[in-house]
Amino acid sequence: MMKSLTFNDCYKEKLFSIPLFSELPDYLKSEILKRLDFRLQEINENTVILEQGDICCNLYVLLEGTLEVNIIDANGNEVLIEHIESPRAFATPHLFKKDNRFPATFRTLEKSVLLTATK
């Protein structure tokens, strides 16, 4: 279950705390907010938000919560790769690769807040 949220100062602070944006000057941060086409959603726990093999066409930033990242190996077994703690951008390299398919499945471990933006 996903619910749309309003982007407020708290989420803005979390967004600009991640390494991708933290060193930018204030005027660029302001421009990003004006030009970025983004959605903010609250997602229930234990929800798959991206599946292994899906095409990556957005920037993903986990602003609140924790994600579990798993792959299905050659034998069909689910293998835990990592946990992603907020705030953090994830899957960013896949946004600009030729083969831009997700190599893993991303699932929420708790109620989370996700920002998605078009490239």
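- Glu110 contributes a side-chain N or O that, together with a main-chain N or O of Thr66, makes up a donor-acceptor pair within less than 3.5 Å.
- Interatomic distance, CZ of Arg39 versus OG of Ser4, reported as 7.0 Å (0.5 Å rounding).
- When side chains are defined from C-beta on, Leu15 counts as touching Leu33, because their heavy atoms get closer than 4.5 Å.
- Ile32 contributes atom CD1, which lies 11.5 Å from atom NZ of Lys12 (distance to the nearest 0.5 angstrom).
- Two residues are said to be in side-chain contact when any heavy atoms from C-beta on lie closer than 4.5 Å; Leu59 and Thr118 fail this criterion.
- Between Tyr11 and Leu5, some side-chain heavy-atom pair lies under the 4.5 Å cut-off.
- Counting heavy atoms from C-beta outward, Ser17 and Ser22 have side chains that stay 4.5 Å or more apart.
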Let's go through Thr105 and Val48 carefully: what are the C-alpha distance in whole Å and the side-chain angles of both, what is the deciding distance for side-chain contact (heavy atoms from CB on, under 4.5 Å) to 0.1 Å, and is it a yes or a no?
CA-CA 7 Å; Thr105 295; Val48 172; 3.7 Å; yes
Apply the test side-chain contact (heavy atoms from CB on, under 4.5 Å) to residues Asn46 and Leu109: give CA-CA distance (whole Å), side-chain angles for both, the deciding distance (0.1 Å), then the verdict. CA-CA 5 Å; Asn46 199 29; Leu109 291 179; over 6 Å; no
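- The CD1 atom of Ile71 lies 10.0 Å from the CG atom of Asn77; values are rounded to the nearest 0.5 Å.
- A 4.5 Å side-chain heavy-atom check between Asp26 and Leu28 finds every atom pair outside the cut-off.
- In this structure, Lys14 places its NZ atom where more than 12 heavy-atom neighbours from other residues, nucleotides or ligands lie under 6.0 Å away.
- Atoms CD1 and OG, from Ile18 and Ser86 in turn, are 11.0 Å apart once rounded to the nearest 0.5 Å.
- With contacts defined as side-chain heavy-atom distances shorter than 4.5 Å, the pair Ile43/Val113 does not qualify.
- Using a 4.0 Å cut-off between charged side-chain N and carboxylate O, Glu13 and Lys29 make no salt bridge.
- The minimum heavy-atom distance between Val79 and Asp73, with the atom names listed, is CG2-OD2, 3.8 Å.
- Salt-bridge annotation for Glu78 and Arg107: present, with a side-chain N of the basic residue lying under 4.0 Å from a carboxylate O of the acidic one.
- The shortest side-chain heavy-atom distance between Leu67 and Leu114 does not fall under the 4.5 Å cut-off.
- The aromatic ring centroids of Phe102 and Phe90 lie 6.0 Å or more from each other.
- Atom-to-atom distance recorded for Glu51:CD and Ile49:CD1 is 11.0 Å, nearest 0.5 angstrom.
- Put simply, Ile72 and Ile55 are part of two different groups of oily side chains (I, L, V, M, F, W, Y) that touch within less than 4.5 Å, one to the next.
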ring-ring contact (aromatic ring centres under 6.0 Å, His included) between Phe106 and Tyr60: does it pass, once the steps are laid out? CA-CA 11 Å; Phe106 299 79; Tyr60 296 91; 7.9 Å; no
- Item | Full working for side-chain contact (heavy atoms from CB on, under 4.5 Å) between Leu63 and Leu40 | CA-CA 9 Å; Leu63 294 179; Leu40 192 64; 3.6 Å; yes
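- Looking only at atom types and distance, the side chain of Asn70 has a donor-acceptor partner in the side chain of Glu68 under 3.5 Å away.
- Pairs of residues two or more places apart, or lying in two chains, never qualify as ring-ring contact (aromatic ring centres under 6.0 Å, His included) while including a residue from residues 64-87.
- Inter-residue side-chain proximity for Lys111 and Asn44 is flagged as met; some heavy-atom pair is nearer than 4.5 Å.
- Note that NZ of Lys3 and CD of Gln41 are 11.5 Å apart. Values are rounded to the nearest 0.5 Å.
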